[in-house]
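Single-structure report; data block below.
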Amino acid sequence: MSVRVRFAPSPTGFLHIGGARTALFNWLYARHTGGSFVLRIEDTDAARNTREAVEVILNGLRWLGLDWDEGPVNGAPDGPDKGDSGPYFQSRRGDVYRRRVRELKDKGLAYDHEGAVKFRMDRRPVVIPDLVVGEVTRELTDREQADPDFVIVRSDGQPVFHLVNVVDDLEMGITHVIRGEDHLSNTAKHIALFRAFGDEPPLYGHIPLILNPDGTKMSKRDQGASLTTYLDEGYLPEAVRNYLCLLGWSPKDNREILGLKEMIGLFDLPQVLRHNARFDLEKLKWLNAEYVRQLDPGRFQECAVTAFKRAGVELDRCDAGYVRRALETCRGKVREFSELPAYGGFYFTDEVSFDAEAAGSVLIPDNREQLQKLREAFAVTDPFDAATLETVLKQTAAGLGVKPRALVHPCRVACTGAAAGPSLYHLLEVLGQERVLRRLDRALERM
RNA sequence: GACCCUAUCGUCUAGCGGUUAGGACAUCGCCCUUUCACGGCGAAGGCCCGGGUUCGAUUCCCGGUAGGGUCGCCA
């Protein structure tokens with residue numbers, strides 16, 4: 001039988017990083033086994049059921065490259081579906097749930113209680129065979145011991161999560177349920193429900209949770225909990241995907257950077273770790289930087305232009321060749337594209353803003369004479385290219401009896417406003433003689 | 001409170017009875033260098049505790065501790 005897995009998020013207008021990893025693991029398992037990845041929207045809570053909220057999830061999955069074989073085509077609950085087991089919005093499956101509740105009542109396994117419908121659960125422990133955790137025997141808690149039955153339809157007529165989740169997995173022919181470990185305890189209820197319908201439950205794989213750096217549960221409000229923030233800050237989806245797959249899973253051969261093909265080939269459930277992992281932004285940033293370095297020039301430019309646009313700088317107005325050469329000097333220098341506008345912004349403004357500390361330490365009267373000499377040398381430098389500029393600067397330094405760095409630093413701060421930046425000679429070449437001289441003059445004025 | 005899961009450097013992890021306990025991120029040195037990065041070399045840093053089992057436990061078992069999860073007419 002072919003593998004069928006699903007990702008079943010609730011549209012809250014937010015895609016949790018842990019949810020994204022759950023989706024990734026499901027997707028990887030489907031691709032690894034040649035099975036199907038189903039996307040189902042659990043929108044039984046009508047109050048938060050908006051198209052926009054669903055779109056956030058779809059966009060997040062698309063961004064990560066997790067395509068679904070079955071599920072909604074867009075965020076509209078009444079929109080088109082892809083696949084034969086739909087509808088894939090629970091808000092459209094009311095008939096199915098009503099029929100299944102009827103079935104349970106007819107079997108004497110469910111009953112009305114204060115306007116709601118409760119499922120008759122027995123008190124025996126339930127054995128959960130889990131592909132990740134192993135065999136788990138779930139005993140009843142003290143409260144459940146007092147009353148093991150649970151609500152499957154609310155008094156307002158809305159079916160409850162446990163019911164719809166099981167019914168849909170059953171109706172959609174889901175073979176493997178890969179989900180967060182927070183559902184492990186609930187699984188006893190789900191297994192009981194499957195049996196009540198006369199079916200065997202699917203195979204379960206409960207994956208560990210992603211925790212905050214301090215070990216607490218990562219909730220909606222926590223820094224970095226939303227996948228959207230990485231999208232907005234210009235992280236590369238392949239880097240985020242790579243980082244996520246390394247949380248709770250490992251290829252076992254000390255490799256960290258994994259392409260999609262390798263990931264699919266290597267991923268399997270038995271190797272998934274059993275303990276929770278803490279989210280480490282520093283490592284994500286490192287991975288992102290690795291991927292940025294390997295980016296082809298075209299895509300690098302594209303991402304860079306987008307980053308500037310987000311920062312409110314329209315590069316479209318500048319000369320395309322200038323933009324391309326300017327951005328190219330910033331390659332490999334920043335870990336995230338969101339850092340780029342601050343890093344290379346000096347290229348695109350005539351009003352260089354000086355970093356107070358950098359300017360205060362080098363744009364001082366003591367350096368004025370030397371910078372003036374450099375300005376004079378640059379005024380007659382031809383061609384104005386990196387190699388020539390380097391030669392000229394070094395000759396000027398030699399003539400003054402100082403080390404090149406004595407000129408390099410003031411020159412850099414004068415032209416870029418910052419102590420750190422792209423290769424000096426290359427950035428001077430890109431800026432061009434006219435801009436460089438103008439900037440040196442401005443710096444000299446304030447010395 | 002009850003029930004369930006988990007436990008290797010600060011973090012992510014390799015390990016599956018005998019290893020100098022390996023790698024990566026972060027940290028700290030040194031080198032490279034026009035700054036910053038990158039890169040190279042190196043350092044520091046770990047098997048939660050206590051019992052067993054065994055000739056021998058990081059590894060297997062039990063207990064404790066700690067962390068996480070669940071016990072909703074939320075999902």
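Scope of the values below: all heavy atoms of this structure, side chains included, with no hydrogens, waters or symmetry mates.
Aromatic pair A:Y235/A:Y291: centroids not less than 6.0 angstrom apart.
Base pairing analysis places B:G1 opposite B:C71; the two distances defining the Watson-Crick or G-U wobble pair are each below 3.5 Å. With a cut-off of 3.5 Å on both pairing distances, B:C36 has no Watson-Crick or G-U wobble partner at all.
The side chain of A:V160 sits closest to B:A75 out of B:A75, B:G1, B:G23.
One interatomic measurement links the two molecules: CD of A:E256 to C1' of B:G22, which rounds to 12 Å at whole-angstrom precision. For A:K220 and B:A75, the NZ to P distance is 15 Å, given to the nearest whole Å. Protein atom CD of A:E336 is 15 Å distant from nucleotide atom C1' of B:C36, rounded to whole Å.
Within the 4.0 angstrom heavy-atom criterion, no nucleotide atom of any strand lies near A:K118. Here A:H206 lies out of heavy-atom contact (under 4.0 Å) with every strand. Nucleic acid contact for A:K394: sugar-phosphate only, since backbone atoms but no base atoms lie under 4.0 Å from a heavy atom of the residue. Using a 4.0 Å heavy-atom cutoff across all strands shown, A:R293 reaches sugar-phosphate atoms only and no base atom. Heavy atoms of A:K252 sit under 4.0 angstrom from primed sugar atoms or phosphate atoms, though from no base atom. In this structure, A:A277 reaches the sugar-phosphate backbone alone: every heavy-atom distance under 4.0 Å involves primed, P, OP1 or OP2 atoms, never a base. Here A:P422 lies in heavy-atom contact (under 4.0 Å) with a base. Counting any heavy atom pair closer than 4.0 Å across all strands shown, A:G215 reaches sugar-phosphate atoms only and no base atom.
For the pair A:K333 and A:Y343, the cation-pi criterion (under 6.0 Å, within 45° of the ring axis) is not fulfilled.
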